[in-house]
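Down below is the structure, laid out as structure tokens.
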Amino acid sequence: MKSTEDGGAGGAETLGIGAFAARFGLATHVLRHWEAMGLLHPARDTAGRRRYGAEDLTRVATILVMKEAGLGLDTIRSLSATADRATRHAILRPAAEELRARIAAAQASLELIEGGLNCEHEDVTRCPGYRRLIAERTGSVVRQESR
């Protein structure tokens with residue numbers, strides 16, 4: 001990590017908030033918010049300015065990976081506050097169940113779209129797959145029609 005200004009806390013190479021945020025493509029207010037939530041704990045220089053080091057790089061990368069996995073900041077904070085496996089599982093289990101439900105909904109959406117792409121009828125409402133989905137929603141029996 002390249003040092004900016006005075007080298008920062010303890011002589012280790014550090015970055016100011018602007019350079020650090022830019023490294024991740026984040027706005028500086030995001031880092032301030034994460035700090036306010038207790039997710040980040042940057043060192044301060046003698047003037048009180050935030051100085052981000054190697055541990056902060058790892059921490060922000062971890063937060064970003066967890067956010068990409070669909071976890072909220074409160075969940076990420078809870079995970080970072082525990083080293084207990086049972087607690088970690090209790091925190092992650094609902095997130096996994098929610099993700100499975102979203103995947104199932106996305107899969108159903110993809111099947112509907114692919115059905116429309118593969119339908120040979122001019123009117124997609126005549127496609128057997130479409131009619132089956134509508135029948136499932138309405139509780140009706142699918143009536144077979146000839147092409």
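Heads up: numbering here begins at 1 and tracks the sequence.
Separation of atoms OG1 (Thr62) and CG (Leu79) is listed at 11.0 Å; rounding is to 0.5 Å. Rounded to the nearest 0.5 angstrom, Ile63 CD1 and Glu68 CD are separated by 12.0 Å. Between the CZ atom in Arg88 and the CD1 atom in Ile91 there is a gap of 9.5 Å [rounded to 0.5 Å]. Atom CD in Glu114 sits 13.5 Å away from atom SG in Cys119 (nearest 0.5 Å). Atom CZ of Arg126 and atom CD of Glu120 lie 12.5 Å apart (nearest 0.5 Å).
Val65 and Leu92 fall into different hydrophobic clusters, defined by Ile, Leu, Val, Met, Phe, Trp and Tyr side-chain heavy atoms under 4.5 Å apart, directly or through other members.
Ile76 and Leu71 make their closest contact through CD1-O, 3.8 Å (heavy atoms, listed as atom of the first residue, atom of the second, distance). The two residues Arg51 and Arg44 have their closest heavy-atom pair at CG-C, 4.3 Å. Of all non-hydrogen atoms in Ala69 and Leu99, the two that sit nearest each other are O-CD2, 4.5 Å. Taking both residues in full, the closest heavy atoms of Tyr130 and Val124 are given as CB-O, 3.5 Å, listed atom of the first, atom of the second, then distance.
The closest side-chain heavy-atom distance from Trp34 to Leu26 is below 4.5 Å. Side-chain contact between Leu57 and Tyr52 is absent, with no heavy-atom pair separated by less than 4.5 Å. Using a 4.5 Å heavy-atom threshold, the side chains of His121 and Pro128 count as touching. Ile17 has its side chain out of reach of Arg49: every pair of non-hydrogen atoms, C-beta onward, lies at least 4.5 Å apart. Taking the side chain as every heavy atom from C-beta outward, Thr125 and Ile134 never approach each other to under 4.5 Å. Counting only heavy atoms from C-beta outward, the side chains of Arg50 and Asp45 never approach each other to under 4.5 Å. In this structure, Val60 and Leu39 have side chains that are not in contact, with every pair of non-hydrogen atoms separated by 4.5 Å or more.
Checking side-chain atoms of Ser78 against main-chain N and O of Asp74 turns up a donor-acceptor pair under 3.5 Å. A donor-acceptor pair under 3.5 Å is formed between the side chain of Asp56 and the backbone N or O of Gly53.
In this model, a donor atom of one side chain and an acceptor atom of the other lie less than 3.5 Å apart for Arg59 and Ser80. With 3.5 Å as the limit, one finds no donor-acceptor pair spanning the side chains of Asp84 and Thr82.
Between Arg77 and Glu35, no side-chain nitrogen of the basic residue sits less than 4.0 Å from a carboxylate oxygen of the acidic one, so the salt-bridge criterion is not met. Of the charged side-chain nitrogens involved, none lies within less than 4.0 Å of a carboxylate oxygen, so that Glu97 and Arg93 do not count as a salt-bridged pair.
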